[in-house]
Protein chains: 2
Amino acid sequence: MTKEQERAHASLPCEKCPLRKRDLFRDFEQGELDFIGRFKKGDLAVKKGATVLVEGAHNPHLYTVLSGWGFRYKLLEDGRRQIVNYVMPGDLVGLQGNLLGEMKHSVEALSSMVLCVFEKAELFSLYREFPELAYDITWIASREECMLDDNLLTVGRRTALEKVAYLLMFILERSRQCGLIGNGTVSLTQQHVADTLGLSLVHTNKTIARLAERGFLKWEDGGCRILNPEALAELADWTAEKVAKRPFL
Amino acid sequence: MTKEQERAHASLPCEKCPLRKRDLFRDFEQGELDFIGRFKKGDLAVKKGATVLVEGAHNPHLYTVLSGWGFRYKLLEDGRRQIVNYVMPGDLVGLQGNLLGEMKHSVEALSSMVLCVFEKAELFSLYREFPELAYDITWIASREECMLDDNLLTVGRRTALEKVAYLLMFILERSRQCGLIGNGTVSLTQQHVADTLGLSLVHTNKTIARLAERGFLKWEDGGCRILNPEALAELADWTAEKVAKRPFL
DNA sequence: CGTTGAATTGAGGTCACTCAATCGCAGTGG
DNA sequence: CCACTGCGATTGAGTGACCTCAATTCAACG
């Protein structure tokens with residue numbers, strides 16, 4: 001996605017939001033669109049590598065990802081990092097952690113991103129006026145929990161080989177769903193993979209090499225090309241969810 | 001908590017719910033109580049070791065834990081188990097995973113438990129009629145996500161010693177908050193600890209022994225007595241949350 | 001062309017794993 | 001009363017997965 005396209009997004013009203021055209025997302029009533037339009041306070045455009053949210057900070061905003069992607073992570077005092085999940089178009093960011101109070105995690109952009117900005121303080125008026133949208137938010141939170149459960153299973157109980165296979169399929173499928181990529185390519189660094197899976201960088205590299213040897217994938221500068229998704233899925237005991245229409249804000 | 005007390009719970013109307021008396025939980029309006037009373041379809045009492053929910057099943061219900069505690073877990077094909085979180089009084093169970101559709105995890109009782117039963121199908125009417133309660137549900141989901149993030153950090157990036165210290169403090173504090181225990185004792189099996197932290201049973205045992213040597217805790221048949229919570233907290237880089245009043249259903 | 005960030009490789013160490021045996025204790029049934 | 005059983009905790013031995021440290025390559029960039 002080019003810089004120009006992002007700027008185009010940023011200036012569009014919600015009714016024309018490019019996400020709404022996608023089959024993946026549910027249709028909205030005019031009243032809902034009007035409300036979301038008022039609820040939306042602006043756009044936030046950030047560059048690749050920028051920090052969108054910082055752990056420990058008080059942030060009055062809530063965001064929906066419009067374009068690009070990033071990751072949520074937490075740090076230990078001595079710098080050890082755990083990536084907790086990835087955020088992609090249509091995802092709600094900032095809901096995790098006490099609704100009010102300080103952020104419990106940070107968010108960093110993996111590509112340039114545009115986010116839709118909302119005020120947490122006005123969230124309750126949404127609940128009062130549009131129960132359907134409130135229900136949607138619960139649906140979204142529920143889905144996030146589901147992903148976290150899966151990630152926990154992966155980090156806790158799968159082997160290194162299974163972990164990498166799982167993560168790549170997880171990201172590939174999610175990004176395909178929300179239209180982030182067309183080809184079978186995932187752009188991230190091996191350090192990200194390591195920090196997601198609780199592995200060291202070196203061991204991650206060797207594990208990826210083993211998968212490449214088998215011809216399941218190919219690592220090419222700053223990204224990964226999936227050559228045999230079926231084999232990876234089998235290795236990881238992973239099956240694609242069939243996607244119903246999803247809500248978003 | 002004795003069997004008799006549980007039976008007493010089960011027959012009480014929501015207004016008299018013993019949880020509502022606790023300082024921990026927020027006060028409710030009469031209208032809210034009436035609604036919850038209608039929303040509630042009955043009680044579910046299970047014995048220690050019983051399976052409350054099964055992964056893969058379609059379950060039309062949603063539960064609030066009234067007494068006792070248990071754990072949520074997921075399995076891999078070959079039987080490897082990952083405990084994902086613990087459920088305690090006031091927690092909402094069954095929200096995780098697609099609101100409709102099959103369960104993505106199982107729940108097992110660690111003690112005898114009583115749960116309040118609701119119908120998922122009626123959840124939307126709650127959103128329509130009581131936005132405050134709907135907001136509460138989001139708050140609860142948000143808190144769960146927060147715990148999952150923390151657990152992921154623990155499993156992914158902490159050492160075995162830190163992991164055990166963290167888990168024990170996590171459970172101790174949560175159960176103290178909701179009044180599960182008075183003394184500094186946590187009743188679970190080392191296998192549970194292992195399956196929560198992504199460790200083997202043997203290594204978990206040796207790690208616990210190391211903590212016991214240092215005088216931080218003492219393992220006594222089917223449970224653990226915390227002797228030095230400060231030392232454990234420091235080891236785990238863990239700090240107690242100060243608890244504001246919490247909602248629940 | 002020097003610098004920087006990511007990927008790769010090798011060596012050596014250790015943390016955590018598996019396998020296997022043992023022990024204590026609480027039932028349970030003869 | 002005592003063998004038998006099952007479950008959880010404990011221990012030892014040996015192994016392998018994963019780690020750290022350190023060096024090297026490679027591509028991109030100013």
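These values consider heavy atoms only, across backbone and side chains, with no hydrogens, waters or symmetry-generated copies. Chain identifiers are assigned alphabetically (A, B, ...) following the order of the sequence lines, protein sequences preceding nucleic acid strands; residue numbering begins at 1 within each chain.
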Legend entry - Heavy-atom pair with the smallest gap, counting every atom of B:P89 and B:L19: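 In this case the closest contact between B:P89 and B:L19 is CB-CD2, 4.0 Å.
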Inset, instruction - Please check if the distance between the ring centroids of A:Y86 and A:W69 is under 6.0 Å. - result: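 Yes.
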Inset, instruction - Decide, yes or no, whether a salt bridge links B:R210 with B:E213 under the criterion of side-chain N to carboxylate O below 4.0 Å. - result: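 Answer for the salt bridge query: no.
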Legend entry - Note: B:R72-B:D91 ion pair, threshold 4.0 Å (strictly below):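 No, no charged N to carboxylate O under 4.0 Å.
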Inset, instruction - Taking the side chain as every heavy atom from C-beta outward, state whether A:L53 and A:Y63 have any atom pair closer than 4.5 Å. - result: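 Answer yes - side chains close enough.
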Inset, instruction - Would you mind reporting whether B:D43 and B:L66 have side-chain heavy atoms less than 4.5 Å apart? - result: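 A side-chain contact exists here, since the closest heavy-atom pair is under 4.5 Å.
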Inset, instruction - Using a 4.0 Å heavy-atom cut-off, write out nucleotides 25-30 of chain D from 5' to 3' as B (base contacted by protein), S (sugar-phosphate only) or - (no contact). - result: ------
In whole angstrom, give the distance that lies between atom [atom1] of [X] and atom [atom2] of [N].
X	N	atom1	atom2	answer
B:L217	D:dA9	CG	C1'	14 Å
B:E220	D:dA9	CD	P	12 Å
B:L197	C:dC17	CG	C1'	15 Å
A:E213	C:dA7	CD	P	18 Å
B:L201	C:dT22	CG	P	18 Å
A:I208	C:dA6	CD1	C1'	12 Å

Inset, instruction - Could you tell me whether B:E102 atom CD has more than 12 heavy atoms of other residues or ligands within 6.0 Å of it? - result: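 More than 12 within 6.0 Å, yes.
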Write out a two-atom table: protein N or O, nucleotide N or O from nucleotides 5-8 of chain D, distance below 3.5 Å.
| from | atom 1 | to | atom 2 | distance (Å) |
| --- | --- | --- | --- | --- |
| D:dG8 | O3' | B:T189 | OG1 | 3.4 |

Legend entry - For A:F216, ring pair (Phe, Tyr, Trp, His ring centres under 6.0 Å) partners two or more places apart: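 Testing A:F216 for ring pair (Phe, Tyr, Trp, His ring centres under 6.0 Å), a comparison that skips the adjacent residues, returns none.
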Legend entry - Pairing residues for A:E220 by the side chain to side chain donor-acceptor pair (under 3.5 Å) criterion, not counting sequence neighbours: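 Expected list: A:R225.
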Inset, instruction - Using the side-chain hydrogen bond (donor to acceptor under 3.5 Å, both in side chains) rule, take B:Q96 and A:D149 through it: C-alpha gap first, then chi angles, then the decisive distance, then the call. - result: CA-CA 9 Å; B:Q96 305 84 0; A:D149 285 355; over 6 Å; no
Inset, instruction - Mind jotting down which residue pairs meet the salt bridge (Lys or Arg N to Asp or Glu O under 4.0 Å) criterion with at least one end in residues 155-167 of chain A? Sequence neighbours excluded, please. - result: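 Checked against salt bridge (Lys or Arg N to Asp or Glu O under 4.0 Å) - neighbours excluded - the pairs reaching residues 155-167 of chain A are A:R157-B:D195, A:E162-B:R80.
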Interface polar pairs with nucleotides 9-16 of chain C, N/O, under 3.5 angstrom:
| from | atom 1 | to | atom 2 | distance (Å) |
| --- | --- | --- | --- | --- |
| C:dG10 | N7 | A:K206 | NZ | 3.4 |
| C:dA16 | OP2 | B:H203 | NE2 | 3.2 |
| C:dA16 | O5' | B:H203 | NE2 | 3.3 |

